[in-house]
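Lettering of chains follows the sequences in order, A, B, ..., and the numbering in each one begins at 1. Hydrogens, waters and symmetry mates are skipped; everything else that's a heavy atom, side chains included, is used.
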Amino acid sequence: MARFLITSALPYINGVKHLGNLAGSMLPSDVHARFRRMQGHEVLFICATDEHGTPAELAAAEAGVDVRAYCDEQHDVQKRAGEGFRLSFDWFGRSSNPPNHRLTQHFCEVLEKNGLIEERVSRQVYSIDDGRFLPDRYVEGTCPVCAFERARGDQCDNCGSLLDPVDLKNPRSKISGSSNLEVRDTAHLFLKQGQMQDRIRAWVDAATEWPSLARSIAYKWLDEGLIDRAITRDLSWGVRVTKDGAPRPGFEEKVFYVWFDAPVEYIGATVEWAEATGNDWRRWWRTDEGAGDVTYVQVMGKDNVAFHTVSFPVTIMGSGEPWKLVDRLKAFNWVTWYGGKFSTSEKRGIFMDQALEIAPSDVWRWHLMANAPESSDAAFTLEQFQAGVNADLANVFGNFVNRITRFCAAKFDATAPGEGSETELETKLRADVAAKLAAITQHHEDMEFRKAAAETRALWALGNEYLQVAAPWTAIKTDPARAAVGVRMGLNLAALFAVVALPFIPDAATAVLDGLRVAPDKRVWPKAESAAALALVDVGQTIAPPDVLFKKIEDADVAAWSERFGAG
RNA sequence: GGUGGCGUAGCUCAGUUGGUUAGAGCGUGGGAUUCAUAACCCCAAGGUCGGUGGUUCAAUUCCACCCGCCACCA
């Protein structure tokens with residue numbers, strides 16, 4: 001038994017996430033957490049909403065509510081969506097909660113003591129009417145190069161020139177439209193990442209087990225050279241900047257940059273969990289207080305890799321304190337909507353709340369993991385979704401459970417029969433099952449979700465192949481004992497299939513196990529070589545055929561959804 | 001613009017440390033079966049492995065360039 005700390009990249013507070021966000025971090029981390037728990041390991045699975053930053057402020061303003069209220073509401077919405085998808089977080093926290101504030105302030109202070117923080121003054125655009133400094137992207141004006149009238153402060157979308165907002169002609173606030181702007185000096189804290197370059201590189205060098213996507217992104221940043229980054233912003237919504245525990249002089253109107261405090265929330269959320277449940281968070285995060293034997297697994301989309309392989313490690317390592325660093329990192333590419341981007345504004349794609357309106361969570365979980373964007377971007381299409389889900393879940397798995405349990409109910413009084421002895425057919429089946437189990441286990445351990453799903457499906461197919469040959473419906477006419485062997489084996493296969501499917505499709509798998517009366521203590525990850533893997537249903541046990549597990553997705557459904565979600 | 005990734009059967013993807021007939025699922029066609037959600041099982045057809053050159057006895061696999069798509073950075 002080992003200990004696994006698993007974190008999913010934090011979903012930003014700004015609205016319900018779409019299927020790509022789900023498939024790229026929250027869902028795979030959940031599948032892995034479930035798998036590790038089933039293996040009997042001690043698992044702590046943490047996620048949270050990432051709530052600070054300008055986009056949250058702007059979204060709140062647009063909604064006409066204050067930021068805190070907006071985040072309260074959106075956090076609940078996202079929490080419910082997560083529950084709807086059966087994401088088994090041990091804690092779903094909030095980066096705006098006090099533990100994260102304390103920790104973020106702590107990290108900044110120790111980094112400063114270690115000479116890694118520097119205060120620098122820069123010139124920035126201040127909007128008098130908005131009463132705030134404007135981030136570069138929120139200043140609009142006429143491009144000094146091409147005269148395009150809606151150039152952004154950081155770049156002109158028309159000619160591509162890189163700009164400084166101070167250079168724009170007729171600048172105005174993108175927030176209020178006000179042109180009552182001026183340039184002011186403002187101080188910010190800079191994290192001197194450059195000083196940590198060698199230590200980070202050595203650490204990445206040693207991380208040979210990371211996937212190539214993660215390492216190549218880390219090396220790209222390291223090769224370009226780590227630049228010192230401003231870790232504060234002129235905003236009101238965020239973590240206050242302190243010095244020696246008190247408000248830092250000159251920084252009363254500033255907060256930490258969201259990318260500085262967001263990853264700290266992995267720890268902060270663990271503290272929230274500990275405070276709420278009476279557990280000890282230090283034994284998960286402090287290597288001097290029991291976290292030395294923890295394997296820390298991070299799951300994220302590729303856009304987050306640099307922050308997890310470089311920026312956050314700079315914070316952690318730069319603190320000089322014995323914090324737990326990531327051991328295994330799994331990065332995903334994007335799920336695309338018919339090859340293009342998901343788009344909220346153009347109503348292209350499906351978001352988590354909508355998805356649950358049209359199909360059960362298991363169906364999405366299965367399809368998104370069986371087609372996870374692991375090696376490259378993966379296209380989601382409703383047609384593929386329909387075909388794959390109907391074939392894998394309804395036809396192969398669901399129908400197998402249905403045919404064997406109904407046959408048992410009709411001919412064996414819904415009781416697992418004990419007669420008959422196994423033949424070479426069963427011997428071969430056991431060997432095939434053991435081989436598949438070994439492969440599935442390995443893929444789960446490697447966090448190769450696509451392969452794990454494919455092999456799980458292949459395991460299910462073994463059941464149908466077996467029944468086809470064993471044909472208890474034929475044998476029962478001449479050799480009831482032979483039929484009994486087939487039914488007994490079939491019931492046990494159904495139970496095993498469900499156990500192995502628990503990480504992917506927990507609801508349906510649980511329904512099967514409940515119907516087969518498999519005791520909770522038997523719902524653990526099976527060892528491939530163990531005969532126990534096919535001894536989950538006791539002889540003489542009465543079973544209840546579950547209802548049809550998966551309703552098929554009809555062509556009419558696809559047509560309606562295409563209309564609704566803008567397919568193709 | 002720079003950097004990286006990708007481009008393999010109708011579709012979604014594996015794979016090849018360079019070497020006889022390139023794989024899976026879906027879809028399609030045929031057969032078998034009837035316990036079952038017209039499901040399951042078996043068989044088959046389908047690809048000059050993005051293009052052009054190069055290295056090599058041999059390249060889909062290495063190299064160069066080109067085209068297309070994607071991401072990141074500036």
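In this structure, the OH atom of Y466(A) is 18 Å from the P atom of A36(B), given to the nearest Å. Distance CG (L226(A)) to P (C73(B)): 14 Å, rounded to an integer number of Å. Between the CD1 atom of I476(A) and the P atom of U33(B) there is a distance of 20 Å, given to the nearest Å.
Among the atoms of the strands shown, base atoms are found under 4.0 Å from some heavy atom of G398(A).
A9(B) and G50(B) have their P atoms separated by 8 Å, with the value rounded to a whole Å.
In this structure, W473(A) counts as stacked on the base of C35(B) under the 5.5 Å centre distance and 30° plane angle limits.
Between R201(A) and D205(A) there is no salt bridge, since none of the side-chain N atoms of the basic residue sits less than 4.0 Å from a carboxylate O of the acidic one.
Nucleotides of RNA chain B nearest to I404(A) and I227(A) differ in position, and the one nearer the 5' end is that of I404(A).
Scanning for side-chain hydrogen bond (donor to acceptor under 3.5 Å, both in side chains) contacts around T405(A) gives an empty result, with sequence neighbours left out. In this structure, Q468(A) has no side-chain hydrogen bond (donor to acceptor under 3.5 Å, both in side chains) partners at least two apart in sequence or on a different chain.
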- Message: For Watson-Crick and G-U wobble pairs within 3.5 Å on both distances, what is RNA chain B written in dot-bracket notation, | included for inter-strand pairing?
- Response: (((((((..((((.....[...)))).((((.........)))).....(((((..]....)))))))))))).

- Message: Can you build the contact string for nucleotides 38-46 of chain B? Use B for base contact, S for sugar-phosphate-only contact, and - for no protein heavy atom under 4.0 Å.
- Response: -SBSS----

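The list of side-chain hydrogen bond (donor to acceptor under 3.5 Å, both in side chains) pairs with a residue in residues 490-499 of chain A, not counting sequence neighbours, is empty.
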Protein-nucleic acid N or O pairs under 3.5 Å, nucleotides 1-12 of chain B:
residue	atom	partner	partner atom	Å
C11(B)	O2'	Q384(A)	OE1	3.1

